[in-house]
Amino acid sequence: QVQLVESGGGLVQAGGSLRLSCAASGRTFSSYDMGWFRQGPGKEREFVAGISWSGRSTYYTNSAKGRFTISRDNAKNTVYLQMNSLKPADTALYYCAADRTPTIPVATSPSKYAYWGQGTQVTVSS
């Protein structure tokens, strides 16, 4: 059983920054692709960023490119999402997720990810 716990969300003004963290349990973290997803009010869950098990490859949704950076520290069993130049449209509940069966490229479909955190709220005011 894999457990994921997100942290780092909060309320920020437009243009501000937040750094989300996701701490994972288990000894096989380094073999999982990891992803960040978000779900805004009344919206479906959407892919934000993904990173391969090795950290060698990353992938971002268009709205995140140039503003967000996903990274991981396998020694700490942690994945991060650095979010800069935040916009009100970024307001959502952010989830991290783990894919036990890595693909090339990393998966963007929520159904591919077997494990999910509880979510951390990001609210961006205008």
Side-chain angles (χ1 to χ4, degrees):
Q1 183 69 33
V2 176
Q3 293 181 314
L4 304 173
V5 180
E6 302 98 332
S7 62
L11 174 64
V12 298
Q13 289 186 303
S17 298
L18 283 174
R19 182 176 182 250
L20 307 184
S21 298
C22 175
S25 66
R27 299 180 179 179
T28 56
F29 173 78
S30 62
S31 69
Y32 301 159
D33 284 353
M34 298 294 295
W36 284 98
F37 295 79
R38 66 187 180 190
Q39 187 166 16
K43 300 180 180 179
E44 293 187 342
R45 184 169 48 188
E46 65 174 348
F47 174 83
V48 179
I51 187 167
S52 63
W53 65 270
S54 65
R56 184 179 302 114
S57 300
T58 59
Y59 188 77
Y60 301 90
T61 190
N62 285 337
S63 64
K65 290 180 180 178
R67 300 188 300 127
F68 294 3
T69 302
I70 187 171
S71 61
R72 67 191 298 162
D73 186 340
N74 287 347
K76 296 181 178 179
N77 275 19
T78 303
V79 62
Y80 306 94
L81 185 67
Q82 177 67 47
M83 304 186 295
N84 299 325
S85 301
L86 284 163
K87 307 173 182 179
D90 296 317
T91 295
L93 187 64
Y94 283 71
Y95 299 91
C96 77
D99 178 5
R100 296 177 298 173
T101 55
T103 56
I104 299 175
V106 296
T108 59
S109 298
S111 62
K112 188 64 168 60
Y113 291 79
Y115 303 106
W116 294 82
Q118 83 288 352
T120 185
Q121 179 67 39
V122 172
T123 302
V124 184
S125 63
S126 60

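Positions are given from 1 along the sequence.
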Task: Pairs involving residues 23-74, ordered by first then second residue, that meet disulfide bond (SG atoms under 2.5 Å apart) (sequence neighbours left out) - done: none
- [ ] Please round to the nearest 0.5 Å and tell me the distance separating atom OG of Ser52 and atom OH of Tyr59.
- [x] 14.5 Å
Open item on the list: Please tell me whether Val122 and Trp36 are part of a single hydrophobic cluster in this structure, the criterion being side-chain heavy atoms less than 4.5 Å apart.
Closed with: yes
Open item on the list: Taking salt bridge (charged side-chain N to carboxylate O under 4.0 Å, His left out) as the cut-off, I'd like each qualifying pair that reaches into residues 43-54, sequence neighbours left out, listed once.
Closed with: Arg38-Glu46
- [ ] Indicate, with yes or no, if Val79 and Val2 share a hydrophobic cluster defined by side-chain heavy-atom contacts under 4.5 Å among Ile, Leu, Val, Met, Phe, Trp and Tyr.
- [x] yes
TODO: Please report the closest heavy-atom contact between Gln121 and Thr91, naming both atoms and the distance.
DONE: NE2-CG2, 4.1 Å
TODO: Could you pull out all residues at least two apart from Pro105 that satisfy side chain to side chain contact (heavy atoms under 4.5 Å, CB included)?
DONE: none
Task: Selection residues 96-122 - residue pairs positive for salt bridge (charged side-chain N to carboxylate O under 4.0 Å, His left out), sequence neighbours left out - done: Asp99-Lys112
Side chains of residues 17-29: which donor-acceptor pairs under 3.5 Å do they make with residues two or more places apart or in other chains?
from	atom 1	to	atom 2	distance (Å)
Ser17	OG	Asn84	OD1	2.9
Ser25	OG	Gln3	N	2.8
Thr28	OG1	Tyr32	OH	2.6

Open item on the list: If hydrophobic clusters are built by linking Ile, Leu, Val, Met, Phe, Trp and Tyr wherever their side-chain heavy atoms come under 4.5 Å apart, do Val48 and Val124 end up in the same one?
Closed with: yes
Open item on the list: Tell me whether Phe68 shares a hydrophobic cluster with Leu93, the cluster being built from Ile, Leu, Val, Met, Phe, Trp, Tyr side chains joined at under 4.5 Å.
Closed with: no
TODO: Grab the two heavy atoms, one from Asp33 and one from Pro102, that are nearest each other, plus how far apart they are.
DONE: OD2-CA, 3.2 Å
Open item on the list: For residues 59-86, which residue pairs pass the salt bridge (charged side-chain N to carboxylate O under 4.0 Å, His left out) check, not counting sequence neighbours?
Closed with: Arg67-Asp90
Open item on the list: For a quick test of reading the model, state the closest non-hydrogen atom pair linking Ala92 to Gly40 and the distance between them.
Closed with: CB-N, 3.7 Å
- [ ] List in chain and number order the residues that pass side chain to side chain donor-acceptor pair (under 3.5 Å) with Thr103, two or more places apart in sequence or in another chain; answer none if no residue qualifies.
- [x] none
- [ ] Could you name each residue pair satisfying ring-ring contact (aromatic ring centres under 6.0 Å, His included) that touches residues 88-126, not counting sequence neighbours?
- [x] Phe37-Tyr113, Phe37-Trp116
Open item on the list: How close do Gly119 and Glu6 get, counting heavy atoms only, and between which atoms?
Closed with: N-OE1, 2.8 Å
TODO: Kindly compute the distance separating OG (Ser126) from NZ (Lys87), expressed to the nearest 0.5 Å.
DONE: 14.0 Å
Task: Partner set under side chain to side chain contact (heavy atoms under 4.5 Å, CB included) for Thr58, not counting sequence neighbours - done: Ile51, Tyr60, Ile70
- [ ] Please name all residues satisfying side chain to side chain donor-acceptor pair (under 3.5 Å) with Ser57, sequence neighbours left out, ordered by chain then number.
- [x] none
TODO: Measure across Ser30 and Asn74 and return the closest heavy-atom pair with its distance rounded to 0.1 Å.
DONE: CB-ND2, 3.7 Å
